[in-house]
Amino acid sequence: MLLFDDYKKQLITKLNTVYKIDDKDAEINTEHGDISIRLFRINDDQEKIRNNLYNILKREAYIERFEINGKYLNVWLKTKLMFDILDDAFQRLGIYPDVFQDAEKALVEHTSANPTGPIHIGRTRNSIIGDSIARIIERTGMRVMTQYYVNDSGKQVLYLYIGHEKFHNTEEPTVENLLDGYQKIYNNMDDSIEKEVSELSKLYEKGDTETIKKIQDIAGIVLSSIMESLKKIDVNIMSYVWESSFIVNGATSRVMTMLENNIKSEGNAKYIEYNGKKIYLTRSDGTSLYFVRDIAYHLYKAGDYDVIIDVLGEDHKEHAKNLSYVLKDLLNFNALLRFVFYDFISLETGKMSTRKGNIVTLDDLYEKTVEESIKVVREKRPEYTNEKTMEIALAIASSSIRFNISKVNQNKPMTFRWSEALNFEGDSAPYIMYAYARAKSIVKKIKNIKSIELKDFNEYERSLIKNMFLYPYYLRSAYENLRPDIIANYLLTLVKSFNDFYTNCPVIGSNEEYKRSKIIEMFIKIMDDAAPLLGIKLLDEI
RNA sequence: GGGCCCGUAGUGUAAUGGAUCAUCAUAUAGGCCUCCGGAGCCUAUGAUCCGGGUUCGAAUCCCGGCGGGCUCACCA
């Protein structure tokens, strides 16, 4: 839980002593004021409203000034107050906003891609959103675990295994020959393969550890390569849960027992009816399906965590609805379960498919982005050593890839374009990193600053201070809505106001050196706090 | 075909009922370094898919189209 001086809330509370003001009618950081309140819903004489508001607000210590403009109340907060709150927070606690560490434990499940091939940029959207959400909720004081649910028992993975047996069984399994076998299986699908899958599923159901081990080894090879790829963009998933474990430990059979009053049969296949549709739990050969294993998985999650967050592609919306129904309506599931859906990334040539092989992998993207970064750094900073150039290029590549995906609202479809991915100007990670490097560079040059009493702030100083002061509101909103793009857009706003400040307010050697250097130090601290939430790596020199 | 999601300047995006200026970028055309890092700053141009409706007020809500995505498996 975030702790900060929430003046918006205080203002609403105060106004509510006279008029009912809905939280929705209060907005921060509008173009008209620091806090703006809509008065449309107040049913009173305009002159009376004016007088009442005046009487309430004139005594509020945090207000610098306010105006009533038509049906709006615009309030400006005292700049010195905002400055002091930031300064005090950093002096005393080293952090702004502060957090109250409560006992809430959260589990963020993300990525969970079938380990049947290298991770492509569409799936990477899942990883980036999931990892950022984990960082954001951790920042609000929760204890967070991230988890990858590994499919090692579904059809796709069995195909992967059979593909290797059929086409590459004389070779050591590698990501390349496994993917090749997997694609070949889909191109040569016939009844015998289906039968083999069925046989393998039955072995799983019996808990045949030898078979499971063999398939996990194969899946594990692909899984490790996915982890390696994700590591490059600083996504490190903390725990891995194998789907087969719920079959082996009997959890899936227990789910069947728990649901027995709701289960119907069609031959030997079992299903539940919901909204006139059949949700199958087992096949007619008695083997379990993804749905029942996912129920078992969620019951397992609820045993350890208060808040469960699943990051899923939009193709899982229906599944999530069904899952919620079974968990909540049939099984008295009481952990807080939240789904985060994201839309797919497509290519200009159409949608991606691992089976068909028309994908841009994360490795492709990373490699090209690093290459481009090296080129740009060499061009702009020819004096840097190769080692330094490389260090910067890697930071830029990882940050850029993450930022380009994070900045777009997750429920909008995206089209991947190389020209945009490799553009480092404007709304980009390097723009953010560059501002930080500038700030750092000034700090290095600051010498003997004498502390003086601060009074006046010009518009550039004020705007930057205000944007830093308002950070908790954006952080809270990103947390409540599970939306990393809110942090991304906040960072752009913050950096924009820093750049305005930078061009208009000289620091070194000016009369304002003390005040401005304090502002820059705060800026660095806010950046150090906010940028890593999205995996942006800030460097002192770029 | 049924259900769900999306449609905003040439391009990418913000705003999910509120301000006669619909955000921020990019692209295009100009301008700003004897001065803390020009990967920056300033100015100009340019957009709510179409048609109805609800409302004091609609990019936002409702209805009908159009376009794109997802889904409707004994796949995951």
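Note that the structure is predicted; figures quoted are calculated from it, not measured.
Residue contacts shown for A:Thr287 are absent, as no nucleic acid heavy atom lies under 4.0 Å away. At a threshold of 4.0 angstrom between heavy atoms, the contacts of A:Glu266 include nucleobase atoms, whether or not backbone atoms are also involved. No engagement by A:Asp294 is indicated, since no non-hydrogen atom pair under 4.0 Å with the nucleic acid exists. Using a 4.0 Å heavy-atom distance criterion, A:Leu491 is classed as making no nucleic acid contact. A:Lys351 comes within contact range of the sugar-phosphate backbone alone, with a heavy-atom separation under 4.0 Å but no base atom that close.
For the C1' atom pair drawn from B:C21 and B:C4, the interatomic distance equals 36 Å after rounding to whole Å. Taking atom C1' in both B:A47 and B:A27, the straight-line distance is 15 Å, to the nearest Å. B:A22 and B:C49 have their P atoms separated by 15 Å, given to the nearest Å.
Regarding contacts with the backbone of B:C41, a side-chain N or O of A:Tyr431 is found under 4.0 angstrom from either OP1 or OP2. For A:Lys445, no side-chain nitrogen or oxygen approaches OP1 or OP2 of B:C36 to under 4.0 Å.
Of the nucleotides present, B:C72 is the one that pairs with B:G1 by Watson-Crick or G-U wobble criteria, both distances under 3.5 Å. For B:A39, there is no paired base (Watson-Crick or G-U wobble, both distances below 3.5 Å). Searching all strands for a Watson-Crick or G-U wobble partner of B:G67 with both distances below 3.5 Å returns B:C6. Base pairing analysis places B:A44 opposite B:U28; the two distances defining the Watson-Crick or G-U wobble pair are each below 3.5 Å. Pair assignment for B:G17: none, as no Watson-Crick or G-U wobble contacts are both less than 3.5 Å.
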Next item on the list: Mind running side chain to side chain contact (heavy atoms under 4.5 Å, CB included) on A:Arg438 and A:Tyr434 for me, showing each step along the way?
Entry: CA-CA 6 Å; A:Arg438 278 174 142 184; A:Tyr434 179 66; 3.4 Å; yes
Check: Under the side chain to side chain contact (heavy atoms under 4.5 Å, CB included) criterion, do A:Tyr159 and A:Met189 qualify, and how do the steps go?
Finding: CA-CA 10 Å; A:Tyr159 286 144; A:Met189 190 59 70; 3.7 Å; yes
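When each of A:Lys8, A:Arg65, A:Arg462 is tested with A:Asp34 by the rule salt bridge (charged side-chain N to carboxylate O under 4.0 Å, His left out), just one qualifies, namely A:Arg462.
Salt-bridge check for A:Glu461 with A:Arg516: passed, with a basic side-chain N closer than 4.0 Å to an acidic carboxylate O.
Ranked by how close their nearest RNA chain B nucleotide is to the 5' end, A:His319 and A:Asp25 are led by A:Asp25.
Taking 3.5 Å as the limit, the base of B:A25 and the side chain of A:Ser428 contain no donor-acceptor pair of atoms between them. Contact annotation: side chain of A:Glu318 to base of B:C72, donor-acceptor pair absent below 3.5 Å.
Nearest heavy atoms, A:Ile121 versus A:Met352: CG1-CE, 3.6 Å.
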